Amino acid sequence: MVSVKQNLFPDQEQLTDFMDYDMKGTYPSTVHDWMVAIRRPVPYRVGNAKLHIKPRFLAYAAIFAGAVLILVVMFLPNPSNLAINCPRDNFHSNRFYNSIYPLSKPVLTEAGLKYRIAIIADLDTQSFRKSNTWISYMKLGNLTISDDFTNLSVDFESKMLTLSSTLSQGGRGMELSELVTYNGNLYTVDDRTGVVYLIKNNNVIPWVVLTDGNGESNKGFKCEWACVKDENLYVGSLGKEWTSTTGVVKNLNPQWIKVINKDGAVKHIDWHENYNALRKKTRTMLPGYLIHESAVWSTIHKRWFFLPRRLSRESYDENADERRATNILISCDEKFSQIQIRYIQPLNPTHGYSSFKFVPGTHDTVIIALKSEEDNGNIASYIQSFNINGKVLLAETKIGNQKFEGIEFI
């Protein structure tokens with residue numbers, strides 16, 4: 001017959017160390033005695049001494065330690081909040097995305113829906129004022145479109161808002177080249193410093209600093225266009241090689257793009273093959289070029305749309321470039337393999353596209369666009385509207401003698 005000791009705990013020393021209940025040197029003989037022994041505190045050896053700790057106390061201690069650990073993790077600073085210009089393998093953000101667009105509701109009128117719009121200026125060297133301050137202008141207005149999308153009108157307020165900043169690079173700053181709504185806020189980009197500014201309460205607040213090319217540069221990224229895709233903010237540059245005033249290639253930095261998530265983390269992506277696919281389609285490979293200052297991703301069409309500012313099949317020349325504007329609308333799929341071109345008539349060789357947006361509620365079929373003129377010292381801006389088939393709905397209309405390079409529904 002097997003004893004209780006042999007059946008339950010073959011090792012008497014192990015049993016004594018674990019339970020330490022046997023005050024008389026004997027083992028339990030009944031189930032009740034065993035249950036009493038199990039309820040007794042668990043002993044732990046510390047040298048030659050034994051420390052008795054109740055199992056219930058151990059459970060409470062474990063629960064308390066777990067709760068403290070959870071609280072510590074919850075209140076640790078989020079690394080994505082501390083990172084600017086920080087490429088990461090895990091780019092996804094779990095934060096809520098505000099998809100409201102435009103930021104204000106349109107008003108129903110007899111002529112159709114009336115939307116609030118804004119345009120922003122790139123004053124180039126004229127942006128400098130004094131006391132280490134650079135400025136830009138933002139002009140507000142309204143766009144009204146008929147129910148059948150065939151009639152469109154725009155009117156602007158006479159007064160302009162002045163935006164200022166003390167940030168610069170090489171003595172230049174606030175040369176703002178785009179307006180874009182992203183995650184419930186209005187942003188603009190500086191094509192000199194590479195700063196992405198949040199516009200709030202008529203002030204500009206630096207959000208992210210974009211550096212040139214692959215991001216390992218001390219030069220600001222020449223931001224020229226910006227749009228939203230997959231809840232991320234895409235920012236692009238000229239799309240052609242960086243050259244000297246006579247067309248000598250220096251680097252490919254303007255053929256990179258930046259992708260910014262809601263936390264402000266940045267990915268640097270080499271897009272030269274995508275840009276070159278558009279150049280092949282338009283027969284503008286080197287020594288020719290295609291210059292971009294406006295691009296929009298359409299979630300409805302699942303396609304990219306571009307209105308290039310300049311097009312040439314000859315080498316870049318700083319003076320000749322002023323008269324190489326385009327009148328083409330390019331669209332392509334996400335892989336840049338299916339490329340289509342539409343023409344918007346007439347062509348004005350000094351008026352190049354600098355920004356455009358799809359009019360909300362038109363299923364991405366109607367475009368409102370800005371055109372800039374820089375011809376032999378003459379500077380002006382124009383606004384125009386057409387559909388994606390190239391039919392003009394609003395002929396070129398002059399806005400003023402400043403160079404406005406960003407438009408957005410607000």
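Remember, predicted model here, so these are calculated numbers, not experimental data.
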> What heavy-atom pair brings Asn202 and Leu163 nearest, and what distance separates the two atoms?
O-CD2, 3.4 Å
> When rounded to the nearest 0.5 angstrom, what is the spacing between NZ in Lys240 and CG in Leu286?
9.0 Å
> Between Arg279 (side chain only) and Thr284 (backbone N and O only), is there a donor and an acceptor less than 3.5 Å apart?
yes
> Are any non-hydrogen side-chain atoms of Thr162 and Met160 less than 4.5 angstrom apart?
no
> Which value, rounded to the nearest 0.5 Å, describes the distance between Ser164 atom OG and Asn203 atom CG?
7.0 Å
> Is any side-chain heavy atom of Cys223 closer than 4.5 Å to one of Leu210?
yes
> Could you pull out the closest heavy-atom pair between Val228 and Thr181, with the gap in Å?
CG2-O, 3.3 Å
> Would Met138 and Ile199 satisfy side-chain contact (heavy atoms from CB on, under 4.5 Å), going step by step from the backbone distance to the final call?
CA-CA 10 Å; Met138 187 163 71; Ile199 301 177; 4.2 Å; yes
> Are Arg309 and Glu224 close enough, and set up right, to give a salt bridge (charged side-chain N to carboxylate O under 4.0 Å, His left out), and what steps lead you there?
CA-CA 11 Å; Arg309 181 166 181 178; Glu224 292 292 352; over 6 Å; no
> Any donor-acceptor pair under 3.5 Å linking the side chain of Gln402 with the backbone of Leu123?
no
> Does one side chain, of Asn348 or Thr350, offer a donor that lies under 3.5 Å from an acceptor on the other?
yes
> Within a reach of under 6.0 Å around OH of Tyr97, are more than 12 heavy atoms found that belong to other residues, nucleotides or ligands?
yes
> For the SG atom of Cys332 and the CG atom of Leu278, what is their distance to the nearest 0.5 Å?
5.5 Å
> Does the ring center of Trp304 lie less than 6.0 Å from the ring center of Tyr234?
yes
> Let me know which of Lys403, Arg192, Lys222 forms a salt bridge (Lys or Arg N to Asp or Glu O under 4.0 Å) with Glu175.
Arg192
> Which heavy atom of Asp124 sits nearest a heavy atom of Ser127, and at what distance?
O-OG, 2.9 Å
> Check this for me: Lys200, atom NZ, are more than 12 non-hydrogen atoms of other residues, nucleotides or ligands nearer than 6.0 Å?
no
> Between Tyr275 and Glu241, do the side chains contain a donor N or O and an acceptor N or O under 3.5 Å apart?
no
> Examine Lys371 relative to Tyr353 and say whether NZ or CZ is less than 6.0 Å from the centre of the six-membered ring and inside a 45° cone about the ring axis.
yes
> Run the side-chain contact (heavy atoms from CB on, under 4.5 Å) check on Lys280 and Ile339 step by step: do they pass?
CA-CA 10 Å; Lys280 289 178 182 177; Ile339 303 174; over 6 Å; no
> Does Phe358 reach the side chain of Ile367, with side-chain heavy atoms less than 4.5 Å apart?
yes
> For the pair Leu329 and Phe306, evaluate side-chain contact (heavy atoms from CB on, under 4.5 Å) and give the outcome as yes or no after the intermediate values.
CA-CA 6 Å; Leu329 170 65; Phe306 300 87; over 6 Å; no
> Which one of Ser355, Ser354, Ser294 satisfies the side chain to side chain donor-acceptor pair (under 3.5 Å) criterion with Glu178?
Ser355
> Which atom names give the shortest non-hydrogen contact between Ile145 and Thr362, and what distance separates them?
CD1-CG2, 3.7 Å
> Does any part of the side chain of Asn276, heavy atoms only, come nearer than 4.5 Å to the side chain of Gln255, both counted from C-beta?
yes
> Please name the pair of heavy atoms, one in Arg324 and one in Asp317, separated by the smallest distance, quoted to 0.1 Å.
NH1-N, 3.9 Å
> Is the number of heavy atoms from other residues, nucleotides or ligands within 6.0 Å of CD (Gln345) greater than 12?
yes
> What distance do Lys391 atom NZ and Ile344 atom CD1 have between them, rounded to the nearest 0.5 Å?
14.5 Å
> Using only heavy-atom distances, determine whether the side chains of Ser131 and Thr133 contain a donor-acceptor pair under 3.5 Å.
no
> Would you call Asp321 and Ser312 a side-chain contact if the rule is heavy atoms closer than 4.5 Å?
no
> Heavy-atom count check: over 12 atoms from other residues, nucleotides or ligands less than 6.0 Å from Ile100 CD1?
no
> What's the spacing between Asn185 CG and Leu198 CG if we round to 0.5 Å?
5.0 Å
> Quick one, Leu143 and Phe409 - any side-chain contact, counting heavy atoms below 4.5 Å?
yes
> Below 30° counts as parallel, above 60° as perpendicular, anything between as tilted: where do the rings of Trp207 and Tyr182 land?
tilted
> Could you tell me the separation between the CG atom of Leu290 and the CE atom of Met285, rounded to the nearest 0.5 Å?
11.0 Å
> For Asn389, I'd like to know if atom CG has over 12 heavy atoms of other residues, nucleotides or ligands within 6.0 Å.
yes
> Of the options Lys398, Glu373, Glu396, which is the one that meets Tyr382 in a side chain to side chain donor-acceptor pair (under 3.5 Å)?
Glu373
> Quick check: closest heavy atoms across Cys227 and Leu233, and the distance to 0.1 Å?
O-CD1, 3.4 Å
> Could you check whether any side-chain heavy atom of Phe336 comes within less than 4.5 Å of a side-chain heavy atom of Glu273, counting everything from C-beta outward?
no
> Hey, are the side chains of Thr211 and Phe221 touching, using non-hydrogen atoms and a 4.5 Å cut-off?
no
> Determine, step by step, whether Asp364 and Ser298 satisfy the side chain to side chain donor-acceptor pair (under 3.5 Å) criterion, reporting the C-alpha distance in whole Å, the side-chain angles of both residues, the deciding distance to 0.1 Å, and the verdict.
CA-CA 7 Å; Asp364 289 359; Ser298 170; 2.7 Å; yes
> Checking side-chain contact (heavy atoms from CB on, under 4.5 Å) for the pair Arg323/Asp375: CA distance, chi angles, key distance, verdict?
CA-CA 7 Å; Arg323 305 187 66 83; Asp375 181 30; 3.1 Å; yes
